[in-house]
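Just so you know, these numbers use all the heavy atoms, side chains as well, and skip hydrogens, waters and symmetry mates. To find a chain, count down the sequence lines: A is the first, B the second, and so on, and within it residues start at 1.
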Amino acid sequence: MKSRRNPHTESQQEEWRKRNKTILTYIAAAGVGMIGISYAAASGLGGTAVVGHDAEKVESMTPVKDRILKITFNADVHAGLQWNFRPQQTEVYVSPGETALAFYKAKNPTDKPVIGISTYNVVPFEAGQYFNKIQCFCFEEQRLNPNEEVDMPVFFYIDPEFDDDPRMARVDTITLSYTFFEAKEGQKLPLPGYS
Amino acid sequence: MSTAMNFGNKAFKPRAPDKGSFPLDHFGECKNFKDKYMKCLRENSYENSLCREQSKQYLECRMDRQLMTKEPLQKLGFKDLLDENSQNSTETGS
């Protein structure tokens, strides 16, 4: 007897195949959805967002005048760099929401041009997210000619939302530290995405 | 406070400045304004809020000499000084 395909079985198999495909599609979609949700959670959309900084904020923010913060300044050079680098003020007193200016000074006492590049650090750590630099001298190569000395400004503000953060309630002092490194040809420092 | 249980997510992440880097004032073109600002700070217990006119003048100097991108002062947080100036029609600059 020639084995015949049972037409019922065949159409049923076909139906199963179609249903399986649909089920698989649903499972795949659910999987992608779950991955998407976990990415969102990990990137902090549901958690502590990093306080953003933008031009609109600077224009519209108002100083929190009854809150005074002491900003202190450190300066360091990495061992290989022969610059004299120091802050021009040990501290300034600012309010959150108020733009402020501070100066460092750098001198190249050698008889050759030296190129430096700097990064910075803010302490306490949790205050760093509120420390916004509008403009400074960091992250770009700075070339000092032999015996040249320059003023290096930092123009910054503490985000007014600092005053609303209960974790910052007892923070009175924020320390800004800059460190200069010698920039060598082809050297790449782990700096934030910035040309 | 860092302990052995620090999971590394406490590393400080430096951020690039909003408007980039100040070109170096190689010729000290704005040094006088910087000196005025520093003098004001010294005379006012380093209170930034009392020396904002001087910091505004320093930045204006930079903008006038292509040492800073020209920008309306309101965008640099000096809106209050501009409002004051327009109110005091007899304001004399230094």
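For a heavy-atom cut-off of 4.5 Å, chain B lies close to A/Gln88, A/Gln89, A/Glu91, A/Val92, A/Tyr93, A/Val94, A/Glu98, A/Thr99, A/Ala100, A/Leu101, A/Phe103, A/Lys105 in residues 88-113 of chain A.
In the hydrophobic clustering of ILVMFWY residues, with side-chain heavy atoms under 4.5 Å counting as a link, A/Met152 and B/Leu67 come out apart. A/Phe156 and B/Leu50 fall into different hydrophobic clusters, where Ile, Leu, Val, Met, Phe, Trp and Tyr are joined by side-chain heavy atoms under 4.5 Å apart, directly or via other members.
Contact of B/Tyr37 with chain A is made through the side chain alone, with heavy-atom distances under 4.5 Å. Both the backbone and the side chain of B/Lys75 come within less than 4.5 Å of a heavy atom of chain A. At a 4.5 Å heavy-atom cutoff, the contact between A/Phe155 and chain B is made by backbone and side-chain atoms alike. Of the atoms belonging to A/Val123, not a single heavy atom falls under 4.5 Å from chain B. Contact of B/Arg52 with chain A is made through the side chain alone, with heavy-atom distances under 4.5 Å.
Ring pair B/Tyr58/B/Phe33: centre-to-centre distance not below 6.0 Å. Aromatic pair A/Phe180/A/Phe85: ring centres closer than 6.0 Å.
With respect to A/Lys57 and A/Glu161, a salt bridge is recorded, a charged nitrogen being found less than 4.0 Å from a carboxylate O.
Ranked by heavy-atom pairs under 4.5 Å with chain B, the list A/Asn145, A/Leu144, A/Ile134 is led by A/Ile134. In terms of heavy-atom pairs under 4.5 Å with chain A, the best-connected choice from B/Glu47, B/His26, B/Gln54, B/Glu71 is B/His26. Highest contact tally toward chain A, considering only B/Asp25, B/Leu41, B/Leu76, is held by B/Leu76 [criterion: heavy-atom pairs under 4.5 Å].
If you run side chain to side chain donor-acceptor pair (under 3.5 Å) between B/Ser21 and each of A/Gln135, A/Gln142, A/Lys133, only A/Gln142 comes through. The side-chain contact (heavy atoms from CB on, under 4.5 Å) with A/Leu81 is formed by just one residue from the set A/Val114, A/Ile115, A/Thr179; it is A/Val114.
When all heavy atoms of A/Pro166 and A/Asp164 are compared, the pair lying nearest together is CD-O, 3.3 Å.
A/Thr119 has its side chain out of reach of A/Tyr178: every pair of non-hydrogen atoms, C-beta onward, lies at least 4.5 Å apart.
Here A/His78 pairs with nothing under the side chain to side chain donor-acceptor pair (under 3.5 Å) rule; sequence neighbours left out.
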